[in-house]
Novice: 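Please read through the structure below; I'll follow up with questions.
Keep in mind that what you see is a predicted model, and the values were worked out from it rather than measured. Atom set for the values below is all heavy atoms of this structure, side chains included, hydrogens, waters and symmetry mates excluded.
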Amino acid sequence: MARSINKLTDVSIRGWLNAGQPIAKADGGGLTFTLSAKGTATWVLRYRHVGKPRELTLGNYLDLSLRAARERSSVGADSILTTCAD
């Protein structure tokens, strides 16, 4: 079964922001929306390098929309794969 991508919506993200509870939700392809206990909403690209989990922070939610985070995530994943192959 193929992995699901683009699972998040702006409406659900705004709901989590209003709730104010810490949360981490995956959009697919390693892109994750995280909300800290202090209310910081961040986009994180999660990946593995040499079997170890790694994270690359892409930006904050208000500065980076869902669409922009998805685009930046795909570019980030491509550059990680290129760097790891070298």
Novice: Kindly work out whether a path of hydrophobic side-chain contacts (I/L/V/M/F/W/Y, heavy atoms less than 4.5 Å apart) joins Ile23 to Val44.
Specialist: no
Novice: Between Arg54 (side chain only) and His49 (backbone N and O only), is there a donor and an acceptor less than 3.5 Å apart?
Specialist: no
Novice: Say whether, by atom type as modelled, one donor and one acceptor occur between the side chain of Thr34 and the main chain of Thr42 under 3.5 angstrom.
Specialist: yes
Novice: Taking the side chain as everything from C-beta on, heavy atoms only, tell me whether Leu31 gets closer than 4.5 Å to Trp43.
Specialist: yes
Novice: Roughly how far, to the nearest 0.5 Å, is CD of Glu71 from CG of Leu64?
Specialist: 9.0 Å
Novice: Can any side-chain N or O of Asp27 pair as donor or acceptor with the backbone N or O of Thr32 at less than 3.5 Å?
Specialist: no
Novice: To the nearest 0.5 Å, what is the distance between CD1 on Ile13 and CG on Leu35?
Specialist: 10.5 Å
Novice: Is there a path of hydrophobic side-chain contacts, each under 4.5 Å between heavy atoms, that joins Val11 and Phe33?
Specialist: no
Novice: Do Thr40 and Tyr61 have side chains that get closer than 4.5 Å, going by heavy atoms?
Specialist: no
Novice: Side chains of Leu56 and Arg72: does their closest heavy-atom pair fall under 4.5 Å?
Specialist: no
Novice: Could you state the interatomic distance from OG1 (Thr9) to CZ (Arg14), rounded to the nearest 0.5 Å?
Specialist: 8.0 Å
Novice: If you compare all heavy atoms of Ala24 against all heavy atoms of Arg46, which two are closest, and at what distance to 0.1 Å?
Specialist: CB-NH2, 4.3 Å
